[in-house]
Amino acid sequence: MAQQTLHKLFDDYLVRAPNFTRKDALQDTYTPNQVPHREEQINQLAQILVSALRGDKPSNVFIYGKTGTGKTLVTRYVGQELEKKAAAQKTALKTCYLNCKLEKINTAYRMFAHFLAQFGEEVPSTGLPTDEVYKLFIKTMHKKKGIFILILDEIDSLSDTDVLYNLSRINTELKDSRVSIVGISNDLSFTNNIDPRIKSSLSEEELVFPPYNATQLRDILSQRAEIALQKDILAADVIPKCAALAAQEHGDARRALDLLRVACELCERKGDTTIQLHHVDDAQQKLDIDRVVQVVKTQPRQSQLVLHSIIYLSDLNNEKIGTGDVYEVYQTFCKQSRLAPLTQRRVSDLISELDMLGVINASVISRGRYGRTRKIKLAMTGRALEKSRDILKGELS
DNA sequence: CTTCCACAGGAAGGTCTGGCGG
DNA sequence: CCGCCAGACCTTCCTGTGGAAG
């Protein structure tokens with residue numbers, strides 16, 4: 001019985017004309033042939049890096065810009081083109097890309113290990129002293145002569161800035177090889193917090209990527225939709241709407257593409273023939289819920305307990321929730337589930353983390369005579385909140 | 001003006017897991 | 001097996017502070 005309905009589902013799906021011709025064109029891993037509205041940035045970056053083709057070491061570059069402004073895309077694009085050209089004229093040039101955040105590479109050890117892996121040198125994930133890995137990296141660079149452009153994406157999530165110092169000085173230890181660094185960050189204040197000497201050597205050149213405006217986002221979406229989607233399945237206002245919504249969120253192209261892709265998926269799932277505005281609305285909601293659910297699910301137990309405490313207090317429609325209030329409730333929950341409570345200091349950090357993950361809003365306020373604390377509010381509503389509650393109930397039972 | 005609350009958040013160090021090479 | 005290493009996660013101890021109350 002269940003099998004029959006499943007078969008029917010499969011058949012129905014296959015009978016329908018697919019919305020997508022190339023779904024990956026709407027994913028952020030896709031590198032298009034053209035990068036609209038970033039011509040200027042491409043040119044600037046290319047001009048900086050082009051000296052590599054003559055065998056000189058290009059300046060180190062630092063790229064700033066908010067999420068979804070094309071930093072990664074442009075850098076990869078220029079890197080690829082450069083490698084192609086270099087291969088054609090037999091110049092030894094290699095670009096190595098590393099996203100520091102995605103792969104949880106936030107320490108010197110892991111960064112060098114990752115780069116070494118790209119050169120075919122396997123390094124154990126742990127166990128060796130860091131400077132041994134560093135020495136191996138130098139040695140490998142020595143052996144493979146040429147110019148290496150290391151792209152460090154989301155460089156601000158490197159917790160250990162000493163690495164950057166080592167990297168910036170690495171050329172003094174090399175003879176026939178040169179290493180250039182392209183640092184990418186969406187945190188404009190990042191360089192304020194690091195050693196000015198490191199800063200000056202790492203950002204010999206700086207590029208700033210402005211956010212896209214709604215018109216530009218529309219162009220980007222149209223270009224990708226052409227590749228990714230069947231003709232004539234988009235209602236007229238869908239792309240402008242996606243663009244407008246993403247423009248509100250600091251011109252985030254990734255967000256715009258996500259909206260369009262999820263809208264298509266939802267449309268397909270419902271068996272509708274054209275993508276309408278309400279699909280976009282649903283997509284926006286879904287993206288929001290998915291993000292929250294993902295965060296809540298993957299939190300460690302203690303952090304979930306803290307969040308649970310905040311939700312509990314929030315349900316009592318407590319307007320002003322402070323750290324102390326949360327800690328009190330948290331302790332009683334700990335007793336109930338027979339967990340050893342953490343210290344308030346630690347819980348305070350967990351609250352900060354939840355804030356950074358965007359599931360709560362916490363800001364430091366002063367209540368004068370009654371001390372300084374955080375004002376904590378839930379950052380989720382409706383379905384997202386319900387789902388979170390369910391997850392926590394399940395996980396903490 | 002000073003006092004003083006209720007924390008924020010830095011620094012240092014401890015403990016445990018998982019993995020190294022010898 | 002040992003001694004050592006990196007890193008996640010916590011604790012302990014600490015200094016710093018915005019602004020209402022006195």
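The basis for the numbers below is simple: all heavy atoms, side chains too, and nothing from hydrogens, waters or symmetry mates. All chains are named by letter (A, B, ...) in the order of the sequence lines, taking the proteins before the strands, and each is independently numbered beginning at 1.
- As a whole-Å value, the separation of A:Arg301 CZ from C:dC10 C1' is 18 Å.
- Comparing C:dT17, C:dT11, C:dG19 by their nearest atom to the side chain of A:Ser366 picks out C:dG19.
- Between A:Gly324 and A:Arg345, the residue whose closest nucleotide on DNA chain B is further toward the 5' end is A:Gly324.
- For A:Ser352, the side-chain atoms get nearest to B:dG9 when compared with the rest of B:dA8, C:dG7, B:dG9.
- Between the NZ atom of A:Lys375 and the P atom of C:dG19 there is a distance of 13 Å, rounded to whole Å.
- Contact annotation: A:Thr373 side-chain N/O to B:dA6 OP1/OP2 distance is not under 4.0 Å.
- For A:Leu128, whose side chain is taken as the heavy atoms from C-beta onward, the closest listed nucleotide among B:dG21, C:dG7, C:dG16 is B:dG21.
- Note: OH (A:Tyr370) to C1' (C:dG22) measures 11 Å, nearest angstrom.
- The shortest distance between the side-chain N/O atoms of A:Thr323 and the OP1/OP2 oxygens of B:dA8 is below 4.0 Å.
- Atom CD of A:Gln302 is separated from atom P of C:dA8 by 18 Å (rounded to the nearest Å).
- From A:Cys264, atom SG reaches atom CD1 of A:Ile275 across 3.0 Å, with rounding to the nearest 0.5 Å.
- Both tests pass for A:Arg76 against the ring of A:Tyr97: distance under 6.0 Å to the centre and angle within 45° of the axis.
- Checking B:dG18, C:dG16, C:dG22 against every side-chain atom of A:Thr126, the shortest atom distance belongs to B:dG18.
- Proximity note for A:Ser125 (side chain, C-beta onward) versus C:dC10, B:dA8, B:dG19: the nearest is B:dG19.
- A cation-pi contact, defined as under 6.0 Å to the ring centre and within 45° of the axis, links A:Arg38 to A:Tyr212.
- Comparing atom distances between the A:Arg367 side chain and each of C:dT11, B:dC7, B:dC20 picks out B:dC7 as nearest.
- Atom pair A:Asp349:CG and B:dC7:C1' shows a separation of 13 Å (rounding to whole Å applied).
- For A:Lys387 and A:Asp390, the salt-bridge test fails: no basic side-chain N is under 4.0 Å from an acidic carboxylate O.
- What separates CG of A:Asp131 from P of B:dC20 is a distance of 18 Å, to the nearest Å.
- A straight line from CD1 of A:Ile365 to P of B:dC5 spans 18 Å, rounded to a whole angstrom.
- For A:Ser177 against A:Met141, the heavy-atom pair with the smallest separation is OG-O, 2.6 Å.
- For A:Ser348 and B:dG9, the shortest distance from a side-chain N or O to OP1 or OP2 is not below 4.0 Å.
- Between the CD atom of A:Glu132 and the P atom of B:dG21 there is a distance of 9 Å, given to the nearest Å.
- Between A:Phe115 and A:Phe137, the angle of the ring planes lies from 30° to 60°, which puts this pair in the tilted group.
- Side-chain atoms of A:Arg110 and base atoms of C:dG7 include no donor and acceptor less than 3.5 Å apart.
- For A:Arg374, the side-chain atoms get nearest to B:dG9 when compared with the rest of B:dC4, B:dG9, C:dC10.
- Taking only side-chain atoms of A:Pro129, from C-beta outward, the nucleotide of C:dC5, B:dC7, C:dG7 with the closest atom is C:dC5.
- When each of C:dT17, C:dT12, C:dG7 is scored by its nearest atom to the side-chain atoms of A:Thr343, the top-ranked nucleotide is C:dT12.
- The side chain of A:Arg346 sits closest to C:dC9 out of B:dC20, C:dC9, C:dG18.
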